[in-house]
Number of protein chains: 2
Amino acid sequence: MIPVQVREQNPSMSKRASRLDDAARAGWLYYVAGNTQDQIAAKLGVSRQSAQRLVSLARSEGLVRVQIDHPIANCLELSSALRDRLGLKYVDVTPTDPGSDSTITGVAEAASAEIERWLRREEAVIIAMGTGRTLKAAVELLPRMECPQHRIVSLTGNIAPDGSAAYYNVVFTMSDSVNVRSFPMPLPVIATSSGEREMLHAQAMIRPTLELAARADVTFVGIGDLTEDAPLFVDGFITRGELAALRSAGAVGEIVGWSYDAAGLFIGDITNERVASAPIPSRRTSLVIAAAKGERKFPGIAGAIRGGLVNGLITDEATAGHLLRTL
Amino acid sequence: MIPVQVREQNPSMSKRASRLDDAARAGWLYYVAGNTQDQIAAKLGVSRQSAQRLVSLARSEGLVRVQIDHPIANCLELSSALRDRLGLKYVDVTPTDPGSDSTITGVAEAASAEIERWLRREEAVIIAMGTGRTLKAAVELLPRMECPQHRIVSLTGNIAPDGSAAYYNVVFTMSDSVNVRSFPMPLPVIATSSGEREMLHAQAMIRPTLELAARADVTFVGIGDLTEDAPLFVDGFITRGELAALRSAGAVGEIVGWSYDAAGLFIGDITNERVASAPIPSRRTSLVIAAAKGERKFPGIAGAIRGGLVNGLITDEATAGHLLRTL
DNA sequence: TATGCTCTTGGGCATTTACTCGAATCTTCG
DNA sequence: CGAAGATTCGAGTAAATGCCCAAGAGCATA
């Protein structure tokens, strides 16, 4: 037996990093080499419980990446049906986890994988990012990577109504793990008036970012529902009254703040005039991929597709089946 | 709770495929969605034991791909030291699993990942493949993928001494999962005489393959030891007497059949004259990556590096440490 | 149709893993 | 230097997983 490797504490190495290091090692021994946690404990010279904690930490920190390498037949059928029937350019359908009510599991992983594929490209591309919980989760799943050749541009402002950083703006999250040139939008998400919106957009620092967004090669957006718990309302971007007004005007969903009805037409005169986001990049020149699933979002997803607001979709089996039945 | 999805048996779907399908689904629910096997059993409508079998099948069939997304510090240090001190162009060091005597765990995964990276390239490349247990395992870990733009060429013949297909020739294994143009070598691995070797290589069908090999962009080879249990001998390519003669002539390792000594110089006059393999592609024009680890192979790996037979290396921590101490 | 063979199924049980809780240790700040 | 607070540790235990075995189903052949 090879002697246990002594892992000296390099003083320059922060404790946290060294712990993650051990976690990575434990995770490797567990998931790749197939050791039991007892064996890992012996090899790393810690207690079994500590080994368990390291393995668990490796998972929760996202050090362990698992993907299933098999075209699950039903998902494939659904995605090609969606592609053909609805004229979408890109569709990915992940298995549904029946009984789990998570609105992101699966879709986040698939979106992350697709973002990663774009980032891995050697030729420079412009990637525009929307906002929302799903995208946030997807971006957090990205591995550490170097891709200085690309540019990431945010479609939405990053200032919440209370002046803090908008939590679900994903460009900064992305910078945590991916080294890429990023172009956030130092704006509020929703301006106080359409006049203010115009003024903000006219700023010298904002113009180039807006122009960059318009030239995006690929765009990832989430779709927000406009039910009672609409994220726009929950996060404080619109008032309860505005939500009610939008709903009675027929709004069924929103993309980067823009609300639209079941036909995918934008709702006038309530909040859309004040949304400070960049326009959704042209579906003729950009692949605009929506990542969304779940019953609450059915109308929003369907509307976005009907109106041609997006030309790509990442969703789950159940949602895909619903879309095929209703569209 | 969403009702359990009924998975009807499409008659056109083979039983085996449908089973793998379920395995993939179970694997997804387990590893990605984080279900317990009990929950999976309920959701798929099978017993818990069956669910366990499906999950286990998903792993053993290689449907589940796990990778650790963390630069383990020690491995990184070792690999950059190897790169700098030994002038190698590509080095990857994986964690050692102390106590496990597997000669491939870790290295196979890393080699597989690097092969995959080359296959994912959009521009067409020529990949030359050597032979051996490590490479075989690496190729078996490759996911299903489509890359008709590339060409894979075997450096070694695919006919064993008894006339059967040489088991550790990897080009056919690769075709199982990767759709790529492949160029095997319909030759014995070792000819009966140097004259026969010349005759075989002069064949019209062989020449283009040899020329293709010489133009490889990247080459993956294993390194065989020449201990008592040398793979060349165990697999019946050379006799016990020849092995003994090679050893007394100072041979410490072999690459695609060519034996060399501790300085990396080929051994003359014993078996090398009859090896029907293509030459190792030029290290000036091709990245020649050896995938090997383990105490038995220490001399062979060191010799190959000393002699410049390879300019890339995939190995483990323990071997990397040894190389740094002895070279 | 009967027979023998193989493959699959589910129960039981040993092993392995996850979680809880009190004790110990380390940090931080006065 | 010392105490409060936070974190980590290990023991114990509940839960989950992996494996073996006998029984049953499916299948080919006589």
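Every chain is numbered from 1, with letters handed out A, B, ... down the list of sequences. What you are looking at is a predicted structure, and each value in this text was computed from that prediction instead of being measured.
- Nucleic acid contact for A:Ser50: sugar-phosphate only, since backbone atoms but no base atoms lie under 4.0 Å from a heavy atom of the residue.
- Of the charged side-chain nitrogens involved, none lies within less than 4.0 Å of a carboxylate oxygen, so that A:Asp225 and A:Lys297 do not count as a salt-bridged pair.
- Distance CD (A:Gln49) to P (D:dG12): 10 Å, rounded to an integer number of Å.
- The phosphate of C:dT15 (OP1 or OP2) has no side-chain N or O of A:Thr36 nearer than 4.0 angstrom.
- Annotation: the span from B:Tyr168 atom OH to B:Thr173 atom OG1 amounts to 10.5 Å, rounded to 0.5 Å.
- One atom, CD of B:Gln37, and another, C1' of C:dT16, lie 12 Å apart when rounded to the nearest Å.
- A:Ser47 has no side-chain polar atom (N or O) that falls below the 4.0 Å cut-off from OP1 or OP2 of D:dA11.
- Taking only side-chain nitrogens and oxygens, A:Tyr30 comes nearer than 4.0 Å to OP1 or OP2 of C:dT17.
- Here the P atom of nucleotide D:dG18 and the CG atom of B:Leu54 are 12 Å apart, to the nearest Å.
- As rounded to whole Å, 14 Å separates atom C1' of D:dT13 from atom CD of A:Gln52.
- Put simply, CG on B:Asp38 is 15 Å from C1' on C:dA18, counting in whole angstrom units.
- The OH atom of A:Tyr31 sits 16 Å away from the P atom of C:dT16 (whole-angstrom rounding).
- At a cut-off of 3.5 angstrom, the base of D:dG18 holds at least one donor-acceptor pair with the side chain of B:Arg48.
- Between the CG atom of B:Leu29 and the P atom of D:dT17 there is a distance of 12 Å, rounded to whole Å.
- For the pair B:Val64/A:Ile68, a side-chain contact is recorded, criterion being any heavy-atom separation below 4.5 Å from C-beta on.
- Atom CZ of B:Arg53 and atom C1' of C:dT9 are 6 Å apart (whole Å).
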Discussion item. Before you tell me yes or no, could you show the steps for A:Ile40 and A:Val55 under side chain to side chain contact (heavy atoms under 4.5 Å, CB included), namely the whole-Å CA-CA distance, both residues' side-chain angles and the distance that decides it to 0.1 Å?
Written reply: CA-CA 9 Å; A:Ile40 296 170; A:Val55 172; 4.2 Å; yes
